[in-house]
Amino acid sequence: MKEVAIKIMETMLRMRKFEEHAIEIFSEGLMGGVLHTYIGEEAIAAGVCANLRKDDYVTGTHRGHGHCIAKGSPPFRMMAELMGRKDGCNKGKGGSMHTMDFENGVLGSNGIVGSGIPIATGAALSAKIRGTDQVAVAFFGDGATNRGSFHEALNMAAIWDLPVIFVCEDNKWAISVPREKSTRIQDLSTRASSYGMPGAVVNGNDAMAVYEAAKKAVERARSGGGPTLLVCDTLRQRGHEEGDAQEYRPKDEVARAKEIDPIKIMTKHLIGHGYMTAEQVEALYGKVEAEMADAVARARKSEFPAPEEALDDLFSEVV
C-alpha cells in the first residue's frame with residue numbers, strides 16, 4: 001500500500017503543478033479558448049486511475065486535464081495541446097476541453113456536459129464483445145446526472161452488465177447553479193438503484209478512500225459483475241473557469257475547499273503512516289515542479305500546425 005499511496009501522491013502533485021502552469025500560460029495569452037482547472041479535485045482521478053491498466057479506457061469532462069494525467073498522458077503533449085502546437089495530443093486542434101490520448105486509453109475530454117458517459121459505455125460494450133477484461137471509466141460532474149445521456153447510459157450498462165464505472169465528481173455546482181436548485185435528492189448515488197447497480201458515496205478529497213472504493217468497482221467490472229455508480233463528494237477551489245469571480249458562491253465554501261485540500265490530506269496520510277517524511281514530500285514537490293517546468297518550456301518551443309493541415313485527421317483513411 002505504501003507504493004500505491006506514494007504513486008497517487010505523485011500523480012496528484014503532477015495534476016496540481018500542471019494546472020498552476022496552465023493558469024500562467026492562460027494569463028499570458030498563450031492559450032486559446034477557456035480554462036477549467038481540476039484544482040481541489042485531484043484525489044478523484046488519481047485514486048480511480050491507480051486501479052486501471054494502460055489498456056483500460058477513460059472519458060473526461062471540460063475539466064479533464066486531471067483525468068488525462070492520471071491515466072498517463074504526457075504533460076508535455078498536453079501542455080502543447082493547450083497552446084495549440086503540433087506536438088499536442090491532438091496536434092494542437094483540440095485544446096483544453098477536447099484532449100484525447102488513445103495510446104493511454106483516454107477517449108477524450110469533452111465540452112458538452114455528460115457526453116463522455118455514453119462514450120465510455122460504448123467502450124465497455126466493445127470490451128465485452130471482444131471478450132477482453134478491459135474496463136471503462138466515465139468521469140462527469142453532478143450537473144450531468146440530470147441529463148438524458150446519464151440515464152440512458154446507466155440503463156444500458158445495467159441491462160448488459162457492462163464493465164464500466166460511472167464516477168460523479170460532485171462539487172455541488174453546475175457552473176453557477178447550486179445542486180439543491182436542480183436536484184431534489186441529496187444522495188446522488190441512490191440513482192444507481194433505479195437501474196439495478198451498486199451505488200456508493202465516498203469522500204472525494206481523500207485519495208485513499210477513493211482508491212479503495214474504485215478498487216471494488218473495478219474488480220467487479222473486470223470480473224463480469226457489471227457497472228457501478230461512484231459519487232465522489234468534493235469542492236472545487238477555483239471558479240468554474242478562469243476569470244469566474246464566483247460571486248454566486250458562498251465565501252465560506254471557497255475557504256472550506258482550501259481547508260480540505262486533497263494534497264494536504266494525502267500529505268498527512270503519507271507522513272502519519274510513515275510512508276514518507278516531510279522532507280521527502282518536499283523533494284517530491286520539487287521533482288514534479290521541475291518536470292512541469294520542462295514540459296512548459298518544451299511546449300513553448302513547439303511549432304504551430306500549418307494552415308494546410310487544418311483538415312488532416314478529420315476522416316479515417318479508406319483501406
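All heavy atoms count here, side chains included; hydrogens, waters and symmetry mates do not.
Put simply, the residue from Lys251, Arg256, Arg249 that forms a salt bridge (charged side-chain N to carboxylate O under 4.0 Å, His left out) with Glu253 is Arg249.
Annotation for Glu303: atom CD does not count as buried by contact number, only 12 or fewer foreign heavy atoms lying within 6.0 Å. Counted within 6.0 Å of NZ on Lys93, heavy atoms from surrounding residues, nucleotides or ligands total more than 12; the atom is thus considered enclosed. Heavy-atom contacts from other residues, nucleotides or ligands closer than 6.0 Å to CD of Glu28 number more than 12. Counting non-hydrogen atoms of other residues, nucleotides and ligands closer than 6.0 Å to CZ of Arg53 gives a total above 12.
Ionic pairing of Asp87 and Arg298 is not present here: no N-O contact between side-chain nitrogen and carboxylate oxygen is shorter than 4.0 angstrom. For Lys71 and Asp56, the salt-bridge test fails: no basic side-chain N is under 4.0 Å from an acidic carboxylate O. Taking the charged nitrogens against the carboxylate oxygens, Glu20 and Lys17 do have a contact shorter than 4.0 Å, which makes a salt bridge. Between Lys86 and Glu309 there is a salt bridge, since at least one side-chain N of the basic residue sits less than 4.0 Å from a carboxylate O of the acidic one.
Across Gly94 and Glu81, no two heavy atoms sit closer than the pair N-OE2, 2.6 Å.
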Where do Arg63 and His240 land on the side chain to side chain donor-acceptor pair (under 3.5 Å) test, with the steps shown first?
CA-CA 9 Å; Arg63 200 180 307 283; His240 173 69; 3.3 Å; yes
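Ring centers of Tyr38 and His65: at least 6.0 Å apart, outside the cut-off.
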